[in-house]
Amino acid sequence: MRKASVERKTKETQIKTSINLDGTGKYNVTTGIGFLDHMLEQLSKHSLIDIDLEAKGDLHIDFHHTTEDSGITIGLAVAKAIGDKAGIKRFAHSYIPMDETLTRVSLDFSGRPYLIWKVEFNRDKIGDMDTELFKEWFGAFAQAAGITLHVENLYGTNNHHIIESCFKGLAKALRFATEIDDRAGNAIPSTKGTL
């Protein structure tokens, strides 16, 4: 089993994260931000990655630090659990429809972190969470996990549907990219011999 735990403590947040890449989608998520908890639960459920995350942050200031740092710790845990990436499929994409919304997510476990974010909202908040913070979460996750990540909402009008389809799209792409490729054996999926 490919498992990892990460603990991150700063003056702004204290976060403990444990994941199992080969799990069944079990989750126990507590950030203090209801909507973020809901999205991280979607990430776990649809990727089949078990996620246990407990975050305590300076929510009396705003949700920024807790959101970004949860992305960092989950990303670090994914990078740690996947190790040298031997045998993984490496690339994946998914299209997620959610009622009137369609989102495309593509990723590469390249070791070269990069985020393309083509997602727009017509409201400043979903619940109590600022919509601008979702880009921060995805950027922090991509950087810490060492992946190239492209997220594009192709169309949609409901802000809840738009962001939920982004998290579900990431979940599905993670599930496929981290799977072991039986044909590849234990080879690193790169002509360079390392990722």
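For Phe167 and Phe138, the ring centers are positioned less than 6.0 Å apart.
Comment: Glu152 engages Arg104 in a salt bridge, judged by a side-chain N to carboxylate O separation of less than 4.0 angstrom. Classification of Asp50 and Lys26 as a salt-bridged pair fails, no side-chain N sitting under 4.0 Å from a carboxylate O. Taking the charged nitrogens against the carboxylate oxygens, Lys45 and Glu41 have no contact shorter than 4.0 Å, which rules out a salt bridge.
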Check the pair Arg90, Ser190 against side chain to side chain contact (heavy atoms under 4.5 Å, CB included), reporting the backbone distance first and the verdict last.
CA-CA 9 Å; Arg90 178 179 167 179; Ser190 172; 3.8 Å; yes
Just do the side chain to side chain contact (heavy atoms under 4.5 Å, CB included) check on Glu12 and Ile61 with the steps written out, would you?
CA-CA 10 Å; Glu12 299 164 341; Ile61 295 175; over 6 Å; no
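No donor-acceptor distance shorter than 3.5 angstrom exists from the side chain of Thr13 to the backbone of Thr66, with no hydrogens or angles considered. Asn153 places a side-chain N or O within 3.5 Å of a backbone atom of Tyr155 that can act as its donor or acceptor partner.
In this structure, Lys89 places its NZ atom where more than 12 heavy-atom neighbours from other residues, nucleotides or ligands lie under 6.0 Å away. Heavy atoms from other residues, nucleotides or ligands lying under 6.0 Å from CG of Asn122 number more than 12. Annotation: Lys125, atom NZ; neighbour count of heavy atoms from other residues, nucleotides and ligands within 6.0 Å is above 12.
We find the CD-CG distance between Gln42 and Leu170 to be 12.0 Å, quoted to the nearest 0.5 Å.
Between Tyr95 and His93, the angle of the ring planes goes over 60°, which puts this pair in the perpendicular group of the 30/60° scheme. Between Phe35 and His160, the angle of the ring planes goes over 60°, which puts this pair in the perpendicular group of the 30/60° scheme.
The minimum heavy-atom distance linking Thr178 with Leu174 is given by the pair OG1-O, 2.7 Å. Taking each heavy atom of Ala4 and Ala81 in turn, the nearest pair found is CB-N, 3.7 Å. In plain terms, the two heavy atoms of Tyr114 and Ala142 that are nearest each other are O-CB, 4.1 Å. Nearest heavy atom pair, residue Ile188 against residue Asp84, reads CD1-O, 3.2 Å.
Donor-acceptor pairing under 3.5 Å is recorded for the side chains of Thr148 and Ser110.
Here the rule is side-chain contact (heavy atoms from CB on, under 4.5 Å) with Ile51, and of Leu40, Asn28, Asn20, Leu43 only Leu43 fits it.
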